Participant: 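Here it is: the structure, laid out below.
The structure presented is a predicted model; accordingly, all values stated were derived computationally and were not measured.
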Amino acid sequence: MNQSKFLISCPCLSGKLHTQECIESVIHKPNIDCLFIDNGAEQEVKDLLDFYERSYSNFKVLHFEINTFVNPAINSGMQYFLDHPEYDYFISINNDLILYNNWDQVIRKRLALYPNEICLPTIIDDKLFTNMNMDSEPVEGDVITGGVNGVFMIFNRAQIKAVYPIPEIIKIWFGDNYLFSICREIGYKTVMSSNFIGYHAHSQTVSRVVGISEMIEDDKVNWEKIVVPMMLDRIEELNRK
């Protein structure tokens, strides 16, 4: 089985219960380290992250005093990954995603068989079955070309070097669009596999951010006027290499 080393990065703002469930679904796996980002989190989430950092050698916390917002936080995780060459794959997750019990075996087998695809989980609304073991053999997946949910994103080192950083003029929206769009246009498929499964608690943490509506509107304008032309230039540059 593929024994590459993974770094999981996860920004945290609120929601102690689902954050703990998220951590428990990823922390006990071999050759996986966790970098959870205290993104100006509420106190009970800070305390939870500090507990795991004290208790587990494969758990590290990156602290920010205030909310840096989603896309800058993802960039922080990617920068940490690039600075640590021992990792082969970078995974960005939301802290309200709970992965099924043997998700790591499923994805390792898939990555070994399909190294030029980006595997995405099927999200279901049944939390009760997250302790099940799925058949870990790779199955044919559905190729996804748009509208991908950013609650789980996995990239190898070459892909991260191609996409880093997300332009921080977009704070909350479109970060996953940026990453996936570049990867697809330079030759990688995004594939959703029916036996790679997660439960999304849909905590709507972002809705609690002060001024969120105005920020989203700014992101929409900046995406169209600034980021898309920048992204197209980047794709053209990468395809020339």
Participant: Is there a donor-acceptor pair under 3.5 Å between the side chain of Asn149 and the backbone N or O of Val151?
Facilitator: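 Judged by distance alone, yes, a pair lies under 3.5 Å.
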Participant: Under 3.5 Å, is there a donor-acceptor pair between the side chain of Asn95 and the main chain of Ser14?
Facilitator: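 Flag set: sc Asn95 to bb Ser14 pair under 3.5 Å.
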Participant: When you look at CD of Gln43, are more than 12 heavy atoms from neighbouring residues, nucleotides or ligands closer to it than 6.0 Å?
Facilitator: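 Yes.
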Participant: Any side-chain heavy-atom pair from His84 and Leu7 closer than 4.5 angstrom?
Facilitator: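 No, too far: nothing below the 4.5 Å cut-off.
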Participant: Please identify which of these residues, Asn31, Asp33, Asn156, meets the side-chain hydrogen bond (donor to acceptor under 3.5 Å, both in side chains) condition with Tyr87.
Facilitator: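 Per the side-chain hydrogen bond (donor to acceptor under 3.5 Å, both in side chains) rule, the option paired with Tyr87 is Asp33, out of Asn31, Asp33, Asn156.
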Participant: When the ring centroid of Tyr56 is compared with that of Tyr52, is the distance short of 6.0 Å?
Facilitator: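 Yes, the ring of Tyr56 comes within the 6.0 Å limit of the ring of Tyr52, centre to centre.
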Participant: If you count heavy atoms of other groups shown closer than 6.0 angstrom to CD of Glu86, is the number above 12?
Facilitator: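 Yes - once you tally the heavy atoms of other residues, nucleotides and ligands closer than 6.0 Å, there are more than 12.
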Participant: Which heavy-atom pair separates Ile37 from Ala73 by the least distance, and what is that distance?
Facilitator: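 Closest approach of Ile37 to Ala73, heavy atoms only: CD1-O, 3.3 Å.
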Participant: Checking Arg108 against Phe6: charged group under 6.0 Å from the ring centre and within 45 degrees of the axis?
Facilitator: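 Cation-pi check for Arg108 and Phe6: passes.
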Participant: Is a donor on one side and an acceptor on the other found under 3.5 Å between the side chain of Asn131 and the backbone of Asn101?
Facilitator: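 Pair absent, no side-chain N/O of Asn131 close to backbone of Asn101.
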Participant: So, the side chain of Asn195 versus the backbone of Met134: is there a donor-acceptor pair under 3.5 Å, distance only?
Facilitator: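 No; judged by distance alone, with no hydrogens or angles, the pair does not exist.
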Participant: Are any of the side-chain heavy atoms of Val191 and Arg110 separated by less than 4.5 Å?
Facilitator: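 Yes. Closest side-chain heavy atoms under 4.5 Å.
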Participant: Tyr199 versus Phe129: any side-chain heavy-atom pair under 4.5 Å?
Facilitator: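 No, every pair of side-chain atoms sits at 4.5 Å or beyond.
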Participant: Is a salt bridge present between Lys220 and Glu217, judged by a nitrogen-to-oxygen distance below 4.0 Å?
Facilitator: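 Looking at Lys220 and Glu217, the cut-off is met.
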Participant: Check whether any side-chain N or O of Glu53 sits under 3.5 Å from a backbone N or O of Val61 as a donor-acceptor pair, and report yes or no.
Facilitator: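 Side chain of Glu53 to backbone of Val61, a donor-acceptor pair under 3.5 Å: yes, one is there.
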Participant: Check whether Asn58 reaches the backbone of Ile32 with its side chain - one donor and one acceptor, N or O, closer than 3.5 Å.
Facilitator: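 Side chain of Asn58 to backbone of Ile32, a donor-acceptor pair under 3.5 Å: yes, one is there.
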Participant: Do you know the tightest heavy-atom contact between Lys16 and Val45?
Facilitator: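 Taking Lys16 first and Val45 second, the nearest heavy atoms are N-CG2, 3.9 Å.
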Participant: Is there side-chain contact between Val227 and Phe174, with at least one heavy-atom pair below 4.5 Å?
Facilitator: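 Not in contact.
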Participant: Taking side chain as C-beta onward, heavy atoms only, is Leu179 less than 4.5 Å from Met78?
Facilitator: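 Yes, at least one pair of side-chain atoms sits under 4.5 Å.
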Participant: Can you tell me if Asp38 uses its side chain to pair, donor with acceptor, with the backbone of Lys46 under 3.5 Å?
Facilitator: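 No, because the side chain of Asp38 does not come within donor-acceptor range (under 3.5 Å) of the backbone of Lys46.
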Participant: Give a yes or no on whether the backbone of Thr145 and the side-chain of Arg184 come within a donor-acceptor separation of less than 3.5 Å.
Facilitator: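 Judged by distance alone, yes, a pair lies under 3.5 Å.
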Participant: Could you tell me whether a side-chain N or O of Asp219 sits under 3.5 Å from a main-chain N or O of Lys171, the two making a donor and an acceptor?
Facilitator: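 Yes: the side chain of Asp219 pairs with the backbone of Lys171.
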Participant: Could you tell me whether a side-chain N or O of Ser92 sits under 3.5 Å from a main-chain N or O of Met153, the two making a donor and an acceptor?
Facilitator: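 No: the side chain of Ser92 does not pair with the backbone of Met153.
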Participant: Considering only heavy atoms from C-beta outward, does the side chain of Thr68 approach that of Ser76 to under 4.5 Å?
Facilitator: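 Sidechains of Ser76 and Thr68: no contact.
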Participant: Are side-chain heavy atoms of Ser25 and Thr130 found at a separation under 4.5 Å?
Facilitator: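 Side chain of Ser25 against side chain of Thr130, heavy atoms only: no contact under 4.5 Å found.
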Participant: Report yes if the distance between the aromatic ring centroids of Phe155 and Phe90 is under 6.0 Å, otherwise no.
Facilitator: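 No; Phe90 has its ring centre 6.0 Å or more from that of Phe155.
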Participant: Given Phe196, which partner from the list Tyr100, Phe152, Tyr114 fulfils the ring-ring contact (aromatic ring centres under 6.0 Å, His included) test?
Facilitator: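 Testing each of Tyr100, Phe152, Tyr114 against Phe196, the sole residue satisfying ring-ring contact (aromatic ring centres under 6.0 Å, His included) is Phe152.
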